[in-house]
Amino acid sequence: MAEQRVVVKLRTGLLARPAALFVQEANRFSSEIFVEKDGKSVNAKSIMGIMSLAIGHGQEITIRAEGTDAEQAVAQLAAMVSKEE
Amino acid sequence: MSSERSITVAELVEGLGLTVFTPDADFDRRIATMDINRPGLALAGYLRYHPADRIQLLGRTELSFLTGMDSREQALRVFAFCSYEQTPCVVVARGEAPPPSLLLEAQARRLPILGTSMVTTRAASVISQFLEERLAPETMIHGVLVDVYGIGILITGSSGIGKSETALELVKRGHRLVADDAVIIRQVSDNTLVGTAPPLLQYLIEIRGLGVLNAMTLFGAGAVRTHKKVAMVIHLEAWRDDVAYDRLGLDEEKVKILDTELPSITVPVRPGRNLAVIVEVAAMNYRLKAMGYHAARTFTEQLREAIEGQQR
């Protein structure tokens, strides 16, 4: 299992489009991936789940994955949300 | 994912619009139990099993009992009653004013004294309903919750297996959508789970290729529900030739969500299989079983009789 806490640096937070890209990226991995915010955990491969968390700029989330490509998935997704653009 | 929850007294005051008699009290005290106590016995001096961690509700009985004592005794009882640090707050019902001795002692201890104009039993039920809502253990599940013939069915399965498409087909067939993709499930009482959509996602459904749709504006108010008791789980999984799927329906699988076990069915998915019909029939079969008719068992019984008949 891989896990990483990360602060979301994306200027808009995970608005609809960035959320869709995030979920698209998550779906490229075979691991089970979860995103947790304020004790609520959702499936990272579900766009509705991710959007239900309403993740904003500067908020801290935990990305957790379990499976063969868990490390890679967590690193990739964490890098994605911590980009400042 | 579930957690023991609690709310602060400040949230209770705001949520129910209670009067505050002790503005300087500690409103960060936490309420972690749904139970309410009417402290008649505690005020009479019996404190052995006093559930101090509950909200203490004073009605006309308790107040008249307290004010009927002589002042020394009253001070003594109030002192003992207010001495518990774990008591979140005291609520005085019927719009009555709290006795001065109680106010004085509570202020010294920073114990919040609140008031409501409701009669005591009504106040008790309103408070416990509010607490149940806010304190019930809760979890978020990746799945779709639909109401099919009045049965709340939670459809689970991995991403892209066709949960939302099944829900869409069900809605087209006149059933109701509760939540798509993310379902908040609450344990409202023993053996009762209630599912809702996260507030942001209410009535929304996401279909690959179409995007986010609003089931209420598309299909009307009759096509959605805000919440529904979850009665069974249907798990969709990709068809595998090496797995033996249930052919009889005699064994009942169970799945545990929070503290409740729900009957569960695993349905293998293969292109061309009409999942909505299968879910519909599963709902009807569940109702039949609840009414006392179990097709698989009845059939087994008949088969047994037929075999025994031949041997005679």
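Because the structure is predicted, anything quoted here is derived from the model rather than measured. Letters A, B, ... are given to chains in the order of the sequence lines, protein chains preceding strands, and every chain is numbered from 1.
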Handout entry: Distance-only polar pair, side chains of B:Gln187 and B:Thr192, donor-acceptor under 3.5 Å
Key =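 There is no such pair (donor and acceptor under 3.5 Å, judged by atom type) between the side chains of B:Gln187 and B:Thr192.
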Exercise for the section: Examine the side chains of B:Thr266 and B:His235 and answer whether a donor and an acceptor come within less than 3.5 Å of each other. Expected result: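 Distance-only check fails for B:Thr266 and B:His235.
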Handout entry: A:Val35 and A:Ser41, any side-chain heavy atoms less than 4.5 Å apart
Key =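 Answer no - side chains too far apart.
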Exercise for the section: Could you check if a side-chain atom of B:Val230 sits within less than 4.5 angstrom of a side-chain atom of B:Leu262, using non-hydrogen atoms only? Expected result: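 In contact.
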Practice task
Let me see the working for B:Phe27 and B:Leu12 under side-chain contact (heavy atoms from CB on, under 4.5 Å), right down to the final yes or no.
Solution key: CA-CA 9 Å; B:Phe27 287 95; B:Leu12 179 82; over 6 Å; no
Exercise for the section: Could you tell me which portion of B:Val183 (side chain, backbone, both or neither) has an atom closer than 4.5 angstrom to a non-hydrogen atom of chain A? Expected result: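 For B:Val183, there is no contact with chain A at all, as no heavy atom is under 4.5 Å.
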Handout entry: chain A contact via B:Leu204 - which portion, at a heavy-atom distance below 4.5 Å
Key =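 Contact with chain A involves both backbone and side-chain atoms of B:Leu204.
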Practice task
Could you list all the ring pair (Phe, Tyr, Trp, His ring centres under 6.0 Å) pairs where at least one residue sits in residues 53-85 of chain A, not counting sequence neighbours?
Solution key: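 Listed once each, the pairs would be none.
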As an exercise, state the distance from [atom1] of [X] to [atom2] of [Y], rounded to the nearest 0.5 Å.
X	Y	atom1	atom2	value
B:Arg134	B:Thr8	CZ	OG1	8.5 Å
B:Ile127	B:Leu114	CD1	CG	8.5 Å
B:Asp35	B:Leu135	CG	CG	10.0 Å

Problem - Any residue of residues 163-181 of chain B which, by heavy atoms, sits under 4.5 Å from chain A - result: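 Answer by number: B:Asp180, B:Asp181.
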Handout entry: Contact residues of residues 272-284 of chain B (partner chain A; heavy-atom separation under 4.5 angstrom)
Key =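 At a heavy-atom separation under 4.5 Å, chain A is reached by no residue of residues 272-284 of chain B.
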Problem - salt bridge (charged side-chain N to carboxylate O under 4.0 Å, His left out) contacts touching residues 200-221 of chain B (sequence neighbours left out) - result: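 Non-adjacent pairs meeting salt bridge (charged side-chain N to carboxylate O under 4.0 Å, His left out): B:Glu206-B:Arg208.
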